[in-house]
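Comments concern the structure below.
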There are 2 protein chains.
Amino acid sequence: MTSPQTEKQFLKTYNIHDYDLPLVSVDIAIFSVIDDKLNVLIVKRAQHPRKGKWALPGGFINLSVDKTIDDAAHRKLAGKTGVTNAHLEQVVSVGNSTRDPRGWSVTIAYMALVSVDAVVLKKDDSSEEVVWTPVDRLSKNHNLAFDHSKILESCHKRLKDKVRYTSLPVNLLPPDFTLTELQRIFEVILAKSVEKKSFRRRILDAQILEETGNFRGGSTRPAKLYRVTDNKTNHFFTRNIEGTR
Amino acid sequence: MTSPQTEKQFLKTYNIHDYDLPLVSVDIAIFSVIDDKLNVLIVKRAQHPRKGKWALPGGFINLSVDKTIDDAAHRKLAGKTGVTNAHLEQVVSVGNSTRDPRGWSVTIAYMALVSVDAVVLKKDDSSEEVVWTPVDRLSKNHNLAFDHSKILESCHKRLKDKVRYTSLPVNLLPPDFTLTELQRIFEVILAKSVEKKSFRRRILDAQILEETGNFRGGSTRPAKLYRVTDNKTNHFFTRNIEGTR
DNA sequence: AGAATAGTGTCTGTCAGACATTATGAC
DNA sequence: GTCATAATGTCTGACAGACACTATTCT
């Protein structure tokens, strides 16, 4: 048949299964700071392939459940942590013929920033264990299944880049926090110490925080508690923070 | 059968076609500056769906030809422009159930920066026309097929962001260029004028250019020609350029 | 009072913006 | 010489780093 076809006719005869398609999954590096260390959530795979190996949480897009790839990422995040409103950001997509033994595969990698005490770890039938692990024990070595060490590295790099010119790390803290706690988060990600006065000036001048009116008391001078002003969770500075040493 | 399975056995019985998979494509916003305007390459679709409509160049990953998604993007770029070594950068992936009438579909969007005189426009059986169009005539309106206006907007935003803190726009020029020409490129993307002295100081201090020794002569004082020092095509500045007005 | 942490005052250095000035070509 | 564009000199302002200082709590 060579007569022109309408789009409707075209779609009627079009069959997805006539073509070879890659597998498509979503993987997430879920970051939190625990005991002054950047941690990432990893799961022990309960299913083939790479059964028994550690990997980033993730899995295939479920075409009947997920309306969008962001939905899929949120579903995976909530499935492992119970967290539904974390900062979730697409980082990179990786696709090639060799990364998954099941065939040509594409994964869309996300990073999530959560406060550790907002998380309730949950296993499911895809993962027999779910644990926080310090990133510095994983990044470089090839400890994770598939290419997840590489993917983690990309996400870690994105986070390290953004800490220098955004206020994004506020998402790693609970709603109320002190400036010292916030500074500590920045120092942990930067892996450098930060000068106190410059840090406070930078954050306070950006007008992204407001005082809660409460204080965190220790055995020393109590510190003012702050919270993020509505929708100011990702301020971009015009100059990088570099830190000292 | 409930006895434990090896990975090999698992893979033997695993069949991709047992699962519903999204369509996966690559789309590219190929940018160049022509007549002091930021242009993007668009194609008139020769095939259904959206036949006859304008769209970004792109198409499905070919599992037997492309080893990686970057390969696929390079293939599409070369197919329309003949350019094989341009700056090509992954921007964002978009996937949902509604963007393509053929079904649940994911596209990995790239942007490419090319010098217009390195390009030889080529049609093929997927596109009956291939043309440069000023971005400001497309961005906001919904002129492009599928969600390509949105995707173009994401790529345009990435470019506008990067012009403020990187030297990336050098990729929009031919190998040899004057500082005034480079400044013009920055101004076009920023949509702002840039102060000459600051611009030169910024670029020259970054040590990303070297003098060719030649000059571009007009009817006025000839300008020094520069080229990019090897592998210095994407310098990151610690402070943003903002421009005036 | 002393220890410890919170928070400020203020100087310096770097780099972008502003704008005046000089340099070099064609005519 | 004039005109046009290339290139520089130099002042200002914004903001990060350094570091000494003060403030507030507990014991």
Side-chain angles (χ1 to χ4, degrees), chain A residues 36 162-167 169 173 176-187 189-226 235-245, chain B residues 36 162-167 169 173 176-187 189-226 235-245:
Chain A
D36 283 351
K162 281 209 160 181
V163 72
R164 295 192 307 144
Y165 59 88
T166 76
S167 62
L173 286 170
D176 292 9
F177 51 85
T178 69
L179 286 181
T180 304
E181 288 163 356
L182 183 58
Q183 180 177 336
R184 202 67 202 104
I185 297 281
F186 275 75
E187 290 177 331
I189 301 171
L190 273 173
K192 276 185 181 178
S193 64
V194 168
E195 211 289 319
K196 182 165 54 167
K197 185 65 198 296
S198 341
F199 180 77
R200 286 160 180 258
R201 200 174 34 206
R202 182 176 167 97
I203 297 293
L204 261 16
D205 288 358
Q207 306 227 256
I208 55 182
L209 302 184
E210 56 191 23
E211 304 183 5
T212 66
N214 298 322
F215 291 80
R216 170 108 70 228
S219 66
T220 65
R221 174 172 175 177
K224 277 186 183 166
L225 283 169
Y226 291 84
H235 178 81
F236 284 72
F237 298 94
T238 59
R239 248 167 105 170
N240 290 350
I241 197 176
E242 290 300 341
T244 66
R245 254 180 311 146
Chain B
D36 282 351
K162 282 210 159 181
V163 73
R164 294 192 308 144
Y165 58 88
T166 76
S167 61
L173 286 169
D176 292 8
F177 51 86
T178 70
L179 285 181
T180 304
E181 288 163 356
L182 183 59
Q183 179 176 339
R184 204 63 204 108
I185 297 281
F186 275 76
E187 290 176 332
I189 300 172
L190 273 173
K192 276 185 181 179
S193 64
V194 167
E195 210 289 320
K196 181 162 57 167
K197 185 64 199 296
S198 343
F199 180 77
R200 285 161 180 256
R201 200 173 35 205
R202 182 177 166 96
I203 297 290
L204 261 15
D205 288 359
Q207 306 227 256
I208 55 183
L209 302 185
E210 56 190 24
E211 304 182 5
T212 66
N214 299 322
F215 291 79
R216 171 108 68 225
S219 68
T220 66
R221 175 172 173 176
K224 277 185 185 169
L225 283 168
Y226 291 84
H235 178 82
F236 285 73
F237 297 95
T238 59
R239 270 167 85 167
N240 289 351
I241 197 175
E242 291 300 339
T244 66
R245 252 179 310 144

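By convention in this document, chain letters (A, B, ...) are assigned in the order of the sequence lines, proteins followed by strands, and residues within each chain are numbered from 1. The analysis underlying the following values was restricted to heavy atoms, covering all of them including side chains, and did not include hydrogens, waters or symmetry mates.
Checked for salt-bridge contact, B:K192 and B:E187 miss the test: no charged N lies under 4.0 Å from a carboxylate O. A salt bridge is absent between B:R184 and B:E181; no separation between the charged side-chain nitrogens and carboxylate oxygens falls under 4.0 Å.
Contact annotation for B:R201: base contact, defined as any heavy-atom pair under 4.0 Å involving a base atom. Residue B:G243 is in sugar-phosphate contact alone, with no base atom involved, counting any heavy-atom pair closer than 4.0 Å across all strands shown. Within 4.0 Å (heavy atoms only), B:T180 reaches sugar-phosphate atoms of the nucleic acid but no base atom.
Each of A:E242 and B:R200 lies near DNA chain D, and the nucleotide nearest B:R200 is the one positioned closer to the 5' end. The residue among B:E195 and B:F237 whose nearest nucleotide of DNA chain C lies closer to the 5′ end is B:F237.
Panel note: side chain B:E211, backbone B:G213; no donor-acceptor pair is recorded below 3.5 Å. B:R202 contributes a side-chain N or O that, together with a main-chain N or O of B:R239, makes up a donor-acceptor pair within less than 3.5 Å.
Atom CZ of B:F199 is separated from atom P of D:dT8 by 14 Å (rounded to the nearest Å). Following rounding to the nearest Å, A:Y165 (OH) and D:dC15 (C1') show an atom-to-atom distance of 19 Å. Spacing between atom CG of B:L182 and atom P of D:dA7 amounts to 12 Å, rounded to whole angstrom units. Rounded to whole Å, atom C1' of D:dA14 lies 13 Å from atom CG of B:N240. Atoms CZ (A:R216) and P (D:dT25) sit 16 Å apart, rounded to a whole Å. One interatomic measurement links the two molecules: CD1 of B:I203 to P of D:dA6, which rounds to 16 Å at whole-angstrom precision. Residue A:R239 contributes atom CZ, which lies 16 Å from atom P of D:dG13 at whole-angstrom precision. Look at CG on B:L204: it is 11 Å from C1' on D:dT8, rounded to the nearest Å.
Annotation: side chain of A:T166 is not in contact with side chain of A:H235 (no heavy-atom distance under 4.5 Å). For the pair B:Y226/B:D176, no side-chain contact is recorded, criterion being any heavy-atom separation below 4.5 Å from C-beta on.
A donor-acceptor contact under 3.5 angstrom links the side-chain atoms of B:K197 to the base of D:dG9.
Here chain A contacts DNA chain C (any atom closer than 4.0 Å to a heavy atom, that is under 4.0 Å), and the contacts span C:dA4 to C:dT14 from 5' to 3'.
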Item to check | Stepwise side chain to side chain contact (heavy atoms under 4.5 Å, CB included) test for B:V194 and B:T244 | outcome: CA-CA 6 Å; B:V194 167; B:T244 66; over 6 Å; no
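Considering every non-hydrogen atom in both B:T180 and B:R200, the closest pair reads OG1-NH2, 3.3 Å.
Listed candidates were D:dA7, D:dA16, D:dG17. Nearest to the side chain of B:K196 is D:dA7.
The distance from atom NZ of A:K224 to atom CZ of A:F177, rounded to the nearest 0.5 Å, is 14.0 Å. A distance of 13.5 Å separates OG1 in B:T238 from OH in B:Y165, rounded to the nearest 0.5 Å.
The stretch residues 218-225 of chain A touches DNA chain D through A:G218, A:S219, A:T220, A:R221, A:P222, each having a heavy atom under 4.0 angstrom from the strand.
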